[in-house]
Structure formats: structure tokens, C-alpha cells
Amino acid sequence: MLVLTWKIFQCKLALKKQLISNTNNIMEPVIKINPGASKWDIRQRVWDYIEEKNLANFPRPVHNRIPNFKGAFGACSKVAELQTFAQTAEVKVDPDKPLEGARFAVLQAQKTLLVPTPRLRSGLFNKITPPQGANKEQLRVCASSQGVKDFSVPVGLDAKVKVDLVVVGSVAVSEKGCRIGKGEGYADLEWAMMASMGAVNESTVVVTVVHDCQVVDIPEELIGSHDLTVDYILTPTRVIKTECKLPKPQGVIWTKLDAEKLEKIPILKKLRALEEQAGKDVTLGTASHAAEPGLQTNQPKRQPRRRPRRNTQQDTEGETSQESRREKKGEADQKPRQQPARARKDSRGSGRGDEEGEAGKVAKGRSRRVAREQGPEEGRGEATSQRKLPQSVTTVYLGGIPAGLRVSELKTALRERSAAPLRLTWQGAQHRAFLDYSDPQVADQALEALQGLSLNGHSLQAELAKSQRGHKRSGQRQKPSAAAKANASPPDAKSDAAKEADQ
């Protein structure tokens, strides 16, 4: 009996030592932050590390996103184990993909789930209302991004809401509760608006869910008065209570916002009017401090690992690869007139270089690829803008677009730099886009605004499209050369779109 007791004691002692050892290993931050690092430096380090170690699920790359790390759903389930969770009735969870598990846990516990509208475009909250008697699978659907759209009702500023628990996504967080988001400031702004509504206060618990590698040392001097801090950190391996001493924002700090931000968020404009009526100071600042889009010119030049690109040279409207020229020659040898019409269209749609025979084919191929790559909604918007274009436009070539960048992210960057074009022709597969502007002066202003543009850690190249250079009239396309015409399909095979482009 004594021998058995002694063995049990030794086993417990060994397990305790192992637990302490594992805890010490986990507590040490994986990503080292250099002294003097900015918020952007920390974001870039975390994003690069997650990509290099392949720690994330779709969507990829994780740059400029709240990373959907592997093991996120399991980490989110720990929110139900928090003592404070049992005492809550209404929980606000951000719409980020890695927080889907937290939204599911709230619905499964039959608590009220509030989800902010994306980018606060149409209001502050959506209340998720699952079907009556929903089973587990139906609740999972309701917790997804599509479910948030399909099973929600809007909640206005005048609604009597009392949020007991807030769950936010993060790019980086420290054990002291300092948090860094993706740089757009929406989580901070949502909290500030809730505080102004009286929906939250200093005692409201804030939880974030991250991968273990996202727990880093963040200097407290980087945290501003508008930045939201967290009380709990949930990771796949740990539950960390931060004991944060920094205060949470007490409301919207209007001097950190500008008129442009107000125009983007209508409900913010409504809240400002209400506070102005209440006699509060709602003076705006001259520049938006709440948003830190990763588009600043002082970003670090370090870039994430990327696949090598082929050497390219510009043609009459942009650039074309030597390989695509060889492919075009091979297609001519295969007598394209003998192919069915559908096969000929498919063979022309692989890239801009394959279509240099006629300007009309370029225009038709570009519009077809835009519709295919952007999807139904964006494709329809593109077609509408084409009909409204003036007769003369100036085209800007934008190269170096990183793989995985979404057209919506590029449009957002253009709007933030006041360089939104009349029409955007997206060619993400070829790492480029073409921007049409109404006249050379507007195009020059856009070019100046786009200098130093960087997305996902990649510097983009903005310049006039080759067809706009020299002494050509603004918006005039170069006519195809005699050699190009010789390689093109016969005149009787010309489409209506090609004839219109030639005119």
C-alpha cells in the first residue's frame, strides 16, 4: 500500500513539473517584437509569421485581415467555460470568420447574439434570430457569415440594449490586455458607440480569441485613449485573464474622426447629431486617427514570401508576357476558324497577352474576365459603369497586385486615397488592374495619390497605360499593327464588341 501511494505521489509530482514546464514554454511569446516597433510593425510580424508557418485556414493570405487561425473554433468554445458567460444575457460578437465558434456558442446557450454590421454601413447591430426550435446544424448556419445576413434584424441607436459580454477579433494582443486590430478601427468605434448609447460600461467584459502566436509583448505607449483593451484571451491552449489596468473608451472621441469617416458611416452621423442635441462637444478632427489602413507610405518595406513572377514587357495597353505570345502563335497554327465559337472564346480568355490581335478583342476579353473574376454583383456594376463612360477616358495601369487580394480591398484602398476611377478593370490573375478616369488631369491626381500604395505588404506600381503616353489623345486606344492584324481571325469573324472598340 505504501509503495502504491509513493508511486502515485511521484506521478503527481512529475505531472506538476511537466505542467509548469509546458506553461513556461507557452507563456514565452513566439514572435519577438523589436523595441520601438509601431502597431503596423507588429501587425506585419504576426501576419508574416502565420503565413510562413501555415497556421491559418481560408481566407488567405491573412494580411489586412483578422487571421482565421487553425483551431479557432475550439478556442471559441472556451467562451462558454468562462464564469462571466453564465451570467450574461446579451453578447456582442464581431462578424470575423475566426469568431464563428463564439457566435455558435452564444446561440447554443440560448443567449441574445448581437453582431455588428460589416463596416457599420447599414447600422450598428444585427440581432440574430434563429428559426423556432433550431437544431445544432441550423445554429451553425446562423453563426456563419451567411446566416448573419439571413437570420438577423437590425437594432437601432434608440433601442434599449444592455451588452453583458463583448467578443472581438485581434491581430495581436498582450497578456496585459493591450490589443491591436487590423488597423481600420471598427472594433474600437463599435465599443465607443455602444458606450455612448449606454449599452456598455467600464465593467463590461471584453474577450478576444487568437492563436497562441498572436500573444505578443505590446508596449503600452502604443495604446491610445480610443483603443479597446481586453479582459480575457482565449487561445487553443490557454485561457488568460489579463487584469488590464488601462481604461476602456467612455464614448466616441470626435476629434479623432473626420468628415470623410462620417460620410462612410451614416449611423455615426446620426449619433453625432444626437450628442450635439444633448449639448456635447462633437467637433471633428482634420484627419481620421481611428483608422490605420495598411496603406501608409511609411510602412516597412519587408514583404511576405511570394511566388516568383515571370518577366513581362508592356504592350499597347499594359503588359504582355513572352510566353503568352508563344501561346498565341500556337493557337494560330491550330486553325482557330475550325474550332467551335465557344472553344475560340475560351482560348482567348486566358490573359491579356493572348488578345493583342485586335483592340476590340481586348475590350471584349477584359469585360468577360471582369464578370467572371468579380462575380455576379460586381460584374453587373462594371457593365453599368461602361455604359456611362465618356467618349474620352484616360487609363492608369496598376501593377504588382499581390496574389489573393480581393477587388473589394483594392476599391477600398482607392476610395481612401480619393482615387476611385470611373471604371476598374480587374485582372488579379495577371497581378494588375486598369483604372479609367474622365480626363488627364484627374488621372494625374490619381497617379500622385497612388504613389507609395502598398497592399498585403506588396508595393504597387501606378503609371499611365502605355496607350496613354506620348502625344496620343486622352482615352484613345492604339490601333492594332499590320502584323497583329495578320495573325488575327478574319474580318467576317469580328464580333460586334470588336467593331465598337475599333470605332
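Position 1 is the first residue of the sequence; numbering continues from there. Note that these values count all heavy atoms, side chains included, but never hydrogens, waters or copies made by symmetry.
- Put simply, the side chain of E51 gets close to the backbone of V62: a donor and an acceptor are under 3.5 Å apart.
- Contact between L453 and R417 at its shortest, heavy atoms only, is CD1-NE, 3.7 Å.
- Contact of the V442 side chain with the T394 side chain is not registered, since no non-hydrogen atoms from C-beta on lie closer than 4.5 Å.
- Using a 4.5 Å heavy-atom threshold, the side chains of V167 and R103 count as separate.
- A419 and L450 get closest at one heavy-atom pair: CB-CD2, 4.0 Å.
- V396 places a side-chain heavy atom less than 4.5 Å from the side chain of Y437.
- A donor-acceptor pair is defined here as one N or O able to donate and one able to accept, closer than 3.5 Å; such a pair exists between the side chain of Q250 and the backbone of K248.
- Taken to the nearest 0.5 Å, the CD1 atom of I218 stands 5.0 Å off from the OG atom of S174.
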Decide yes or no on side chain to side chain contact (heavy atoms under 4.5 Å, CB included) for V46 and I31, but give the supporting numbers first.
CA-CA 7 Å; V46 173; I31 301 173; 4.1 Å; yes
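- Judged purely by atom type and a 3.5 angstrom limit, R43 has no side-chain atom pairing as donor or acceptor with the backbone of S38.
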CA sep, side-chain torsions, deciding dist, call: R406, E409, salt bridge (Lys or Arg N to Asp or Glu O under 4.0 Å)
CA-CA 5 Å; R406 294 174 290 186; E409 294 173 332; 3.0 Å; yes
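- Closest approach of P67 to S170, counting heavy atoms only: CD-O, 3.8 Å.
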Audit row: V210, V215, side chain to side chain contact (heavy atoms under 4.5 Å, CB included) steps and yes/no:
CA-CA 8 Å; V210 295; V215 182; 4.0 Å; yes
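- Aromatic ring pairs are classed by plane angle as parallel below 30°, tilted from 30° to 60° and perpendicular above 60°; the pair H63 and W47 is tilted.
- For the residue pair T235 and D212, a side-chain donor N or O sits within less than 3.5 Å of a side-chain acceptor on the partner.
- D188 and R179 are joined by a salt bridge, as a carboxylate oxygen and a charged side-chain nitrogen come within less than 4.0 angstrom of each other.
- Between the side chain of T242 and the main chain of V230, a donor-acceptor pair closer than 3.5 Å is present.
- A 4.5 Å side-chain heavy-atom check between T229 and W191 finds every atom pair outside the cut-off.
- Atoms CE and CG, on M193 and L189 in that order, are 6.0 Å from each other to the nearest 0.5 Å.
- A distance of 11.5 Å separates CG of L268 from CD of E190, quoted to the nearest 0.5 Å.
- Around the NZ atom of K97, the shell of radius 6.0 Å holds no more than 12 heavy atoms that belong to other residues, nucleotides or ligands.
- Side-chain contact between V148 and P95: absent, with no pair of heavy atoms (C-beta onward) separated by less than 4.5 Å.
- The residues K256 and D258 are annotated as not salt-bridged, no charged nitrogen and carboxylate oxygen being separated by less than 4.0 angstrom.
- Aromatic ring orientation, F69 versus H211: perpendicular (interplanar angle above 60°, classes split at 30° and 60°).
- Between the side chain of R65 and the backbone N or O of K182, no donor-acceptor pair lies under 3.5 Å.
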Residue pair S196, E275: steps toward the side chain to side chain contact (heavy atoms under 4.5 Å, CB included) verdict:
CA-CA 9 Å; S196 297; E275 293 206 351; 3.1 Å; yes
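- With a 4.5 Å cut-off on side-chain heavy atoms, V168 and L99 do not count as touching.
- Pairing each heavy atom of G404 with each of P61, the nearest pair is CA-CD, 3.8 Å.
- The distance from atom CD of E448 to atom OG of S418, rounded to the nearest 0.5 Å, is 12.0 Å.
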Would you please test D436 and T395 for side-chain hydrogen bond (donor to acceptor under 3.5 Å, both in side chains) and show each step?
CA-CA 4 Å; D436 289 335; T395 303; 2.6 Å; yes
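- A cation-pi arrangement is found for K261 relative to Y186, the charged atom lying closer than 6.0 Å to the ring centre and inside a 45° cone about the ring normal.
- The ring-ring contact (aromatic ring centres under 6.0 Å, His included) test applied to Y49 returns no partner, not counting sequence neighbours.
- Looking at residues two or more places apart in sequence or on another chain, you find a side-chain contact (heavy atoms from CB on, under 4.5 Å) between N34 and R45.
- Heavy-atom contacts from other residues, nucleotides or ligands closer than 6.0 Å to CG of N57 number more than 12.
- Salt bridge status for K245 with E220: absent, with no side-chain N to carboxylate O gap under 4.0 Å.
- In this structure a side-chain-to-backbone donor-acceptor pair under 3.5 Å is missing from Q214 to A172.
- Closest of all the heavy-atom pairs between A187 and L228 is O-CD2, 4.3 Å.
- Put simply, the side chain of D94 reaches to within 4.5 Å of the side chain of P116, judged on heavy atoms.
- Separating the CG atom in L222 from the CG atom in D227 is a distance of 9.0 Å, to the nearest 0.5 Å.
- The two residues P154 and N126 make their nearest non-hydrogen contact at CA-OD1, 3.5 Å.
- The backbone N or O of I401 lies less than 3.5 Å from a partner atom in the side chain of H431, making a donor-acceptor pair.
- Between the side chain of S144 and the backbone N or O of G147 there is at least one donor-acceptor pair closer than 3.5 Å.
- Inter-residue side-chain proximity for V166 and V93 is flagged as unmet; no heavy-atom pair is nearer than 4.5 Å.
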V171 and I66: CA distance, side-chain angles, deciding distance, side chain to side chain contact (heavy atoms under 4.5 Å, CB included) verdict
CA-CA 6 Å; V171 173; I66 300 296; 4.1 Å; yes
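- Checking side-chain atoms of R432 against main-chain N and O of G428 turns up no donor-acceptor pair under 3.5 Å.
- Separation of atoms CG (N64) and OG1 (T412) is listed at 10.5 Å; rounding is to 0.5 Å.
- By the 6.0 Å contact criterion, CD on Q441 is open, its count of non-hydrogen atoms from other residues, nucleotides or ligands being 12 or less.
- A distance-only check finds no donor-acceptor pair linking the side chain of N68 to the backbone of P59 [under 3.5 Å].
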